[in-house]
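Written below as structure tokens is the structure these notes are about.
Residue indices begin at 1 and follow the sequence shown. What you see is a predicted model, and the numbers here were worked out from it, not measured in a lab. The analysis underlying the following values was restricted to heavy atoms, covering all of them including side chains, and did not include hydrogens, waters or symmetry mates. We count ligands from 1, going down the list as the structure has it; atoms in each ligand are counted the same way.
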Amino acid sequence: MSTPPRQKRLTPANVTALKGERPIVSLTAYTTPTARIFDRHCDLLLVGDSLGMVLYGLETTVGVTVEMMIAHGQAVMRGVSRACVVVDLPFGSYQESREQAFRTAARIMKETGCDAVKLEGGAEMADTIAFLTDRGVPVLAHVGLMPQQVNTHGGYRSQGHDTVEADKIRNDAAAVARAGAFAMVIEGTVEPLAREITAALSVPTIGIGASPACDGQILVSDDMLGLFNDFKPRFVKHYAELAVTIDQAVESYAAEVKARAFPGPEHTFQVRPKKA
Ligand code: KIV
């Protein structure tokens, strides 16, 4: 008897090859049940360090640890059979040296089974990206707005408004592409610049707040599902209002419990008559 062949997940190389073919569909994922649902529709799932804010209530992503990324990376991998899975390298786990970056990336890949890692940074990280890709670690780069640098940048401001900023992002994107990144996230960047970078490079750009001019889009899933409402970035469309749905469900539940109108016999164990 032969078992049916296991469905293969998309590889980073498959994602690169989508450039010019069709837009890349991508979301963040943090848990097994949501990954199962997203997997049916997405090419790439990112276990983003945004989990620090949307799941753990941290104010920024700076406090996220490698252990948190591994736990959620493992959870997502349990729910996925098709999408390419990328896990973020958290703040402080890769910036010190290319060797530190390799150690962290190798640990995350071994312990989760993910396909690639993502790191934030432009020209200053090009050497690290080349070091990782030369040693078997596919890298998704991340340029433009870099949330891990919130403390030096003083907030989450969109990027590329003046020529100095635009030149830096243009230069960063070219540097990470040359270094071997299989794709790059461009975050919070003005449309003309995102369009220009997308046209100039053979590596796909996946935008978040960087316009439909990119080769694909990624959103923080809790944002687009209306689950994380601490703040709403201007570019995020809510495709559902899950926070409202959950609030209404819990309100109904609480009202029933308070009225002792607990769920009926179909949800209750009854004493079974003893067999004679
Ligand atoms: O951590 C994250 O969710 C990300 C996306 C914003 C791209 O890096």
Present, as a list of atom pairs with distances to 0.1 Å, all nitrogen or oxygen contacts under 3.5 Å between ligand 1 and the protein.
| from | atom 1 | to | atom 2 | distance (Å) |
| --- | --- | --- | --- | --- |
| ligand 1 | 1 (O) | Asp49 | N | 3.1 |
| ligand 1 | 1 (O) | Asp49 | OD1 | 2.9 |
| ligand 1 | 1 (O) | Ser50 | N | 3.0 |
| ligand 1 | 1 (O) | Ser50 | OG | 3.4 |
| ligand 1 | 1 (O) | Asp88 | OD2 | 3.1 |
| ligand 1 | 3 (O) | Ser50 | OG | 2.5 |
| ligand 1 | 8 (O) | Lys118 | NZ | 2.9 |

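Cation-pi check for Arg135 over Phe131 is met; the charged atom lies under 6.0 angstrom from the ring centroid and within 45 degrees of its normal.
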Per-pair distances, 0.1 Å, donor-acceptor, side chain in residues 203-214, under 3.5 Å, sequence neighbours excluded:
| from | atom 1 | to | atom 2 | distance (Å) |
| --- | --- | --- | --- | --- |
| Thr205 | OG1 | Thr198 | OG1 | 2.7 |
| Thr205 | OG1 | Asp215 | N | 3.1 |
| Thr205 | OG1 | Asp215 | OD2 | 3.4 |
| Ser211 | OG | Ala213 | N | 3.0 |

I'd like a table of donor-acceptor pairs (distance under 3.5 Å, sequence neighbours excluded) in which one partner is a side-chain atom from residues 243-254, with atom names and distances.
| from | atom 1 | to | atom 2 | distance (Å) |
| --- | --- | --- | --- | --- |
| Thr245 | OG1 | Glu241 | O | 3.2 |
| Ser252 | OG | Gln248 | O | 3.0 |

N/O donor to acceptor pairs below 3.5 angstrom from side-chain atoms of residues 175-194, sequence neighbours left out:
| from | atom 1 | to | atom 2 | distance (Å) |
| --- | --- | --- | --- | --- |
| Glu187 | OE1 | His142 | NE2 | 3.0 |
| Thr189 | OG1 | Glu187 | O | 2.9 |
| Glu191 | OE2 | Arg195 | NH2 | 2.5 |

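Residue Gln95 is tested with Gln148, Gln149, Glu120, Gln100 for a side-chain hydrogen bond (donor to acceptor under 3.5 Å, both in side chains); the sole match is Gln148.
Ion pairing between a basic and an acidic side chain is recognised when a charged N comes within 4.0 Å of a carboxylate O; Arg103 and Glu96 show no such pairing.
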